[in-house]
Amino acid sequence: MNSLEILDNDSITAVKLLPRVIEITSQERRMIQDAAVHLQRKYGNYENRDFITHVHQLASYFLPERILHIAADFASDFSIHQYGALVFRGLMDIDQENIGNTPPNWQSADYSKFNIYGFACALIHGALPSKPVQYYSQRKGGGLMHAIIPDEKMRETQTGSGSATDLYVHTEDAFLKHQADFLSFMYIRNEEQVPSTLYSIRSHGAIGENFRPLFERMYKIPKDANLETGMEEEEKLDAVLYGNYELPFMRFDAAEQLFNPSIKQTDDAHSHLTEFWEEARDLIYSGFTPQAGDVILVNNHLCAHGRSAFRAGVRNIDGVEHKCQRRIMLRMMSKVSLMEMRAHTLTEDPFFVIEEHLGKNFENI
């Protein structure tokens, strides 16, 4: 079950579905940190194949029982009451001194400083029926975990490296047929106090007949901007909603599908997307500002994510701007059915996804 908020709007009482927030106890936090230290000593790195292979058994052994049950229940709940996001508040203590200054971009990040947090994130995914995976489309297979860091050169972009504009809510890798099922975002540093944004397809309640066209495969779902797009790929179409008509899943990227002028959706597709967005944008939740050590777990089929615009390296306190360390967030992704998608993974590595766009694989890998 998720949190419910009672809102008074023009004397009409409404119930709003919200992500569930889990307060981690000091004992639970100590158990998770001790587990991460132990696993680091045994396996060296969270990408160790033996560790990933046995991550479910290790999660069952090391995670606090309450956290294990909450995550497992979350993974199997697709009901009208499931928002699709869990907030674990204070999952880990972050050693800010060891992290040091925030690097200028993700390319220059020292991942050895994030190693212990990678084990903690992987254990959370191990509580789900889901293995951590990496995607070639994500920075040419940039590992199981990605550091998301503001980059001054990309401040205006609709990417995790941007900052000057709101990052529109989106399901991760909407342009892939085999996108991640679950995402975890661990906040290492958020001194600017940037709110996260979440949007759940369940926030609409029952899906009305007016959204039935969103189940049709008539929408362009372009690749990420950092990937080259061939002319033959521009017309690849798919649905925005899929699965059960009453309680559907979602594949949606507002920035690319609605606000990228080069996409040129058909008039019908653009009209349906605009109607959907007019209702969806009023349901976006931005009431949570993550702190260092918080983790947000997301069902990527139910819930889209984004963030508000901010000035990287600046914190506003009572109207006065103060310099601060820029934010750092770690993202990990996992997939449930590796067997089903074996044709889209490396032959020698079932945890490495090589899909390029809507079922097409990268060539010459």
Side-chain angles (χ1 to χ4, degrees), residues 2 19-20 22 32 35-36 39 43 45-79 82-88 91 117-138 141-146 171-174 176-186 198 200-202 242-243 249-251 295-305 329-346 349-355:
N2 286 270
R20 184 180 177 185
I22 310 300
I32 293 169
L39 293 169
Y43 293 102
N45 188 279
Y46 55 85
E47 293 192 330
N48 182 299
R49 175 62 67 85
D50 287 340
F51 170 67
I52 296 301
T53 299
H54 298 103
V55 71
H56 299 305
Q57 296 94 320
L58 293 167
S60 296
Y61 184 81
F62 283 107
L63 282 179
E65 186 174 3
R66 183 176 76 110
I67 304 305
L68 188 67
H69 289 170
I70 288 172
D73 291 344
F74 169 79
S76 59
D77 182 5
F78 307 106
S79 72
Q82 175 56 257
Y83 188 91
L86 281 178
V87 176
F88 293 109
L91 187 84
Y117 309 120
F119 279 105
C121 288
L123 282 179
I124 292 297
H125 283 271
L128 313 170
S130 186
K131 288 277 198 231
V133 293
Q134 62 176 306
Y135 286 80
Y136 188 76
S137 59
Q138 292 280 352
L144 294 182
M145 190 168 69
H146 301 138
T171 53
E172 193 71 21
D173 294 340
L176 297 181
K177 275 291 189 184
H178 299 278
Q179 73 271 42
D181 294 316
F182 297 98
L183 313 169
S184 66
F185 300 97
M186 175 176 278
L198 296 167
S200 173
I201 189 64
R202 295 291 181 264
Y242 58 100
F249 295 131
M250 169 177 60
R251 178 183 287 109
V295 170
I296 299 180
L297 185 63
V298 172
N299 182 323
N300 196 39
H301 301 279
L302 296 180
C303 186
H305 63 277
M329 182 181 72
L330 304 178
R331 176 185 60 202
M332 186 173 281
M333 298 178 277
S334 62
K335 189 72 183 162
V336 172
S337 179
L338 296 176
M339 186 177 295
E340 175 190 349
M341 58 186 289
R342 195 63 174 99
H344 302 281
T345 61
L346 288 180
D349 188 349
F351 309 129
F352 196 123
V353 185
I354 59 173
E355 184 186 4

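This structure is a prediction, so every number in the text was calculated from the model and none was measured.
Minimum heavy-atom separation, Ala59 to Ala127: CB-N, 3.8 Å. Nearest heavy-atom pair across Ser60 and Leu68 is CA-CD2, 3.8 Å. Across Ala122 and Val55, no two heavy atoms sit closer than the pair O-CG2, 3.4 Å. Closest approach of Ala71 to Leu86, counting heavy atoms only: CA-CD1, 4.5 Å.
Between Leu302 and Tyr83 there is no side-chain heavy-atom pair separated by less than 4.5 Å. Residues Asn299 and Asp181 have side chains not in contact (no heavy-atom distance under 4.5 Å, counting atoms from C-beta outward). In this structure, Glu355 and Thr345 have side chains that are not in contact, with every pair of non-hydrogen atoms separated by 4.5 Å or more. Two residues are said to be in side-chain contact when any heavy atoms from C-beta on lie closer than 4.5 Å; Val87 and Ile22 fail this criterion. Looking at Leu123 and Leu58, their side chains come closer than 4.5 Å, going by heavy atoms from C-beta outward. Using a 4.5 Å heavy-atom threshold, the side chains of Phe249 and Ile201 count as separate. Put simply, the side chain of Ser184 does not reach to within 4.5 Å of the side chain of Ile296, judged on heavy atoms. Taking the side chain as every heavy atom from C-beta outward, Leu128 and Val336 never approach each other to under 4.5 Å.
With hydrogens and angles ignored, the 3.5 Å screen pairs no side-chain donor or acceptor of Arg331 with any backbone N or O of Leu183. Side-chain atoms of Asp77 do not come within 3.5 Å of backbone N or O of Gln82 as any donor-acceptor pair. Within the 3.5 Å criterion, the main-chain N or O of Ser334 finds no donor-acceptor partner in the side chain of Lys131. Ser337 contributes a side-chain N or O that, together with a main-chain N or O of Glu340, makes up a donor-acceptor pair within less than 3.5 Å. With hydrogens and angles disregarded, no donor-acceptor distance shorter than 3.5 Å links the side chain of Ser130 to the backbone of Gly126. Using modelled atom types, one side-chain atom of Gln134 and one backbone atom of Gly143 make a donor-acceptor pair closer than 3.5 Å.
Partners of Phe119 according to the ring-ring contact (aromatic ring centres under 6.0 Å, His included) rule, which considers only residues two or more places apart in sequence or in another chain, are Phe51. Remark: Ser76 pairs with no residue by the side chain to side chain donor-acceptor pair (under 3.5 Å) rule, at least two apart or across chains. Listed by chain and number, the residues in a ring-ring contact (aromatic ring centres under 6.0 Å, His included) with His178 are His344 (sequence neighbours excluded). For Glu47, there are no salt bridge (Lys or Arg N to Asp or Glu O under 4.0 Å) partners at least two apart in sequence or on another chain. In terms of the side chain to side chain contact (heavy atoms under 4.5 Å, CB included) criterion, residue partners of Gln179 (sequence neighbours excluded) are, by chain and number, Asp173, Leu176, Tyr242, Arg251, Asn300, His301.
With values rounded to the nearest 0.5 angstrom, Phe182 atom CZ is found 6.0 Å from Phe74 atom CZ. Atoms CG and CD1, from Leu63 and Ile70 in turn, are 11.0 Å apart once rounded to the nearest 0.5 Å. Distance check: Ile354 CD1 to Asp349 CG gives 10.5 Å after rounding to the nearest 0.5 Å.
Less than 6.0 angstrom separates the ring centroid of Phe185 from the ring centroid of His305. Tyr46 has its ring centre no less than 6.0 Å from the ring centre of Tyr117.
Within the structure, salt bridge (charged side-chain N to carboxylate O under 4.0 Å, His left out) contacts touching residues 58-73 (residues at least two apart or in different chains) are Glu28-Arg66.
When each of Lys335, Met333, Met145, His125 is tested with Pro132 by the rule side chain to side chain contact (heavy atoms under 4.5 Å, CB included), just one qualifies, namely His125.
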Run the numbers on Val353 and Tyr136 for side chain to side chain contact (heavy atoms under 4.5 Å, CB included), then give the verdict. CA-CA 6 Å; Val353 185; Tyr136 188 76; over 6 Å; no

Met250 vs Arg202, side chain to side chain contact (heavy atoms under 4.5 Å, CB included): CA-CA, chis, key distance, verdict: CA-CA 10 Å; Met250 169 177 60; Arg202 295 291 181 264; over 6 Å; no

